[in-house]
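Reading through the structure tokens given below for one structure.
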Number of protein chains: 2
Amino acid sequence: MGEQLLYKHLQQELKKKIYAGELTDGDLLPSENELTQMYKVTRTTVRKALDELVKERIIRKEKGKGSVVTRDNKNLGLLGVKGFSQVVTAQNKKVSTKIIEAPAMSAWPEMFFYPLSETEEKSGCISMKRLRLVENDIVMLENTYIPNFGMSKLCETPFVNGSLFETLHEVFHLNILRVEQDMRAIIAQGETATLLKVYEGHPLLNIYLKFYTDKKNICIYSNLLCNTTKYSISS
Amino acid sequence: MGEQLLYKHLQQELKKKIYAGELTDGDLLPSENELTQMYKVTRTTVRKALDELVKERIIRKEKGKGSVVTRDNKNLGLLGVKGFSQVVTAQNKKVSTKIIEAPAMSAWPEMFFYPLSETEEKSGCISMKRLRLVENDIVMLENTYIPNFGMSKLCETPFVNGSLFETLHEVFHLNILRVEQDMRAIIAQGETATLLKVYEGHPLLNIYLKFYTDKKNICIYSNLLCNTTKYSISS
DNA sequence: GAGTGGTCTAGACCACCTG
DNA sequence: AGGTGGTCTAGACCACTCG
């Protein structure tokens, strides 16, 4: 346990301070030289830790000024490494979620939209279907698939702040690193049209998402069907 | 001018070799130690160059083995900071462009899809309309709008390698830094359907792009209409 | 065991920003 | 002018992969 990479340690220390509110949007981190002294490491190590935070979009660096905390990301729309509720609420919109199918253990769907690793295949999956609303407009139908690595608790307890990602972070210490996406335009049909309350033939944006986590071989998959008539999807 | 960062130089040298086909999918790059000797730089510099290539998804690193060229990605990775031809050709697809309306000076369209800065507004714009094909399939109709800051030469000379972005780089020393995008699903109608050779009512992916450049107040705008039936759009 | 990438140290010079 | 991040050097030890 105690053994940890120096840069990872520093990275997590800084992340904690940011998430705890000690450092907030726009604040400057201690300079790289200060951090070398505070943590008794070289600048290379400090820079590696900061580079990781930049990758996570938690800070940004400005030459001549310093490392700035960025907890805004307003135009990150949907496609960044964030969940729906975190993103849209950041834009001062009233967001709500209607659960169509609560999280439940099942086998993986046949012909799953992404190839699965062997470990994922064996573990089975937890799937759920949710409807997303912004300002009382139905904007999205979301099918989510999570490999079941001892996460059956997901099926029993409500989500932290209603957010899957926050729950994964808080309860399972699982963090999303990056996301791959694949987009198509399709035509609304059948149940999808009914749930989204659009006519059959209405155009929808179909997004396949694959979220990579900090645990190897664990990815989370989502299939989004978006009615973009009123709200577009940005990044 | 000529002066270039060592790691950028190395990064580009390696990229060239990959794009030129000297190194292809699955091949191993020279090891980091070999590269230090070949280019007379330290390993830090080599690693920085390789890190950038990893970011660009051009290679992946495997501990104990080496740096592996990864040219997979079946679909159009369009949404990074790259032009269409650069992206798609990198995936071993035959790409072609059919010019519907050659670059020409004009006023900005009324109700332009992005708000313009005052300087952009005054300068007028150069617009063009192009059809993009992959493996002889029409996949995209692209409307591009460039503020005319002394770029009338764009209307006279063919593009460098057929690429707008390469031309902007080579001729005007204008580089793309990042891109904002906004996506919708729409229904093909009228001229759009005709040009893309799809039926009216066919779903299309409509992407608005705003490319930020290294010159302040100069952005380049594109409006894409994509037939995603055969090729999806990824990022 | 030889080679690879991953981590880390201890320095240095530079361009950039701000007071 | 002093501090900041960006780049770079010249080493070192480690865990991992492979023959």
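Proteins come first, then strands; the chains are lettered A, B, ... in the order of their sequence lines, and each starts at number 1. Treat the numbers as computed from the prediction; the structure is a model and nothing was measured.
A donor-acceptor contact closer than 3.5 angstrom is absent between the side chains of B:Asn223 and B:Tyr221.
Residue B:Trp108 comes nearest to B:Ile146 through the heavy atom pair CH2-C, 4.1 Å, listed as atom of the first residue, atom of the second, then distance. Nearest heavy atoms, A:Ser222 versus A:Thr144: OG-OG1, 3.2 Å. The minimum heavy-atom distance linking B:Gln11 with B:Ala49 is given by the pair N-CB, 3.9 Å. The two atoms that bring A:Asp27 and A:Leu23 nearest to each other are OD2-CA, 3.6 Å, heavy atoms only.
Between A:Lys63 atom NZ and C:dC14 atom C1' there is a gap of 9 Å when expressed in whole angstrom units. Atom NZ in B:Lys65 sits roughly 17 Å away from atom C1' in C:dA2 (whole-Å rounding). At whole-Å resolution of the value, CG in B:Leu35 and P in D:dC8 are 15 Å apart. Separating the CG atom of B:Leu5 from the P atom of D:dT9 is a distance of 11 Å, rounded to the nearest angstrom. In this structure, A:Lys61 atom NZ and D:dG3 atom P are separated by 19 Å, rounded to whole Å. Separating the CZ atom of A:Arg43 from the C1' atom of C:dC14 is a distance of 11 Å, rounded to the nearest angstrom. At whole-Å resolution of the value, CD in B:Glu32 and P in D:dG11 are 17 Å apart. Atom NZ of A:Lys48 and atom P of C:dG6 are 8 Å apart (whole Å).
Within 4.0 Å of A:Ser31, counting heavy atoms only, lie sugar-phosphate atoms of the nucleic acid but no base atom. Counting any heavy atom pair closer than 4.0 Å across all strands shown, B:Thr44 reaches a base atom. Using a 4.0 Å heavy-atom distance criterion, A:Leu6 is classed as a sugar-phosphate-only contact.
An OP1 or OP2 oxygen of D:dC8 is reached within less than 4.0 angstrom by no side-chain nitrogen or oxygen of B:Tyr7. Regarding contacts with the backbone of D:dG5, every side-chain N or O of A:Arg47 stays at 4.0 angstrom or more from both OP1 and OP2. Close to C:dG5, at under 4.0 Å from its OP1 or OP2, lies a side-chain N or O of B:Ser67. Put simply, B:Thr45 has no side-chain N or O that comes within less than 4.0 Å of OP1 or OP2 on D:dT7.
If B:Leu50 and A:Val41 are placed on DNA chain C by their nearest nucleotide, the residue sitting closer to the 5' end is B:Leu50.
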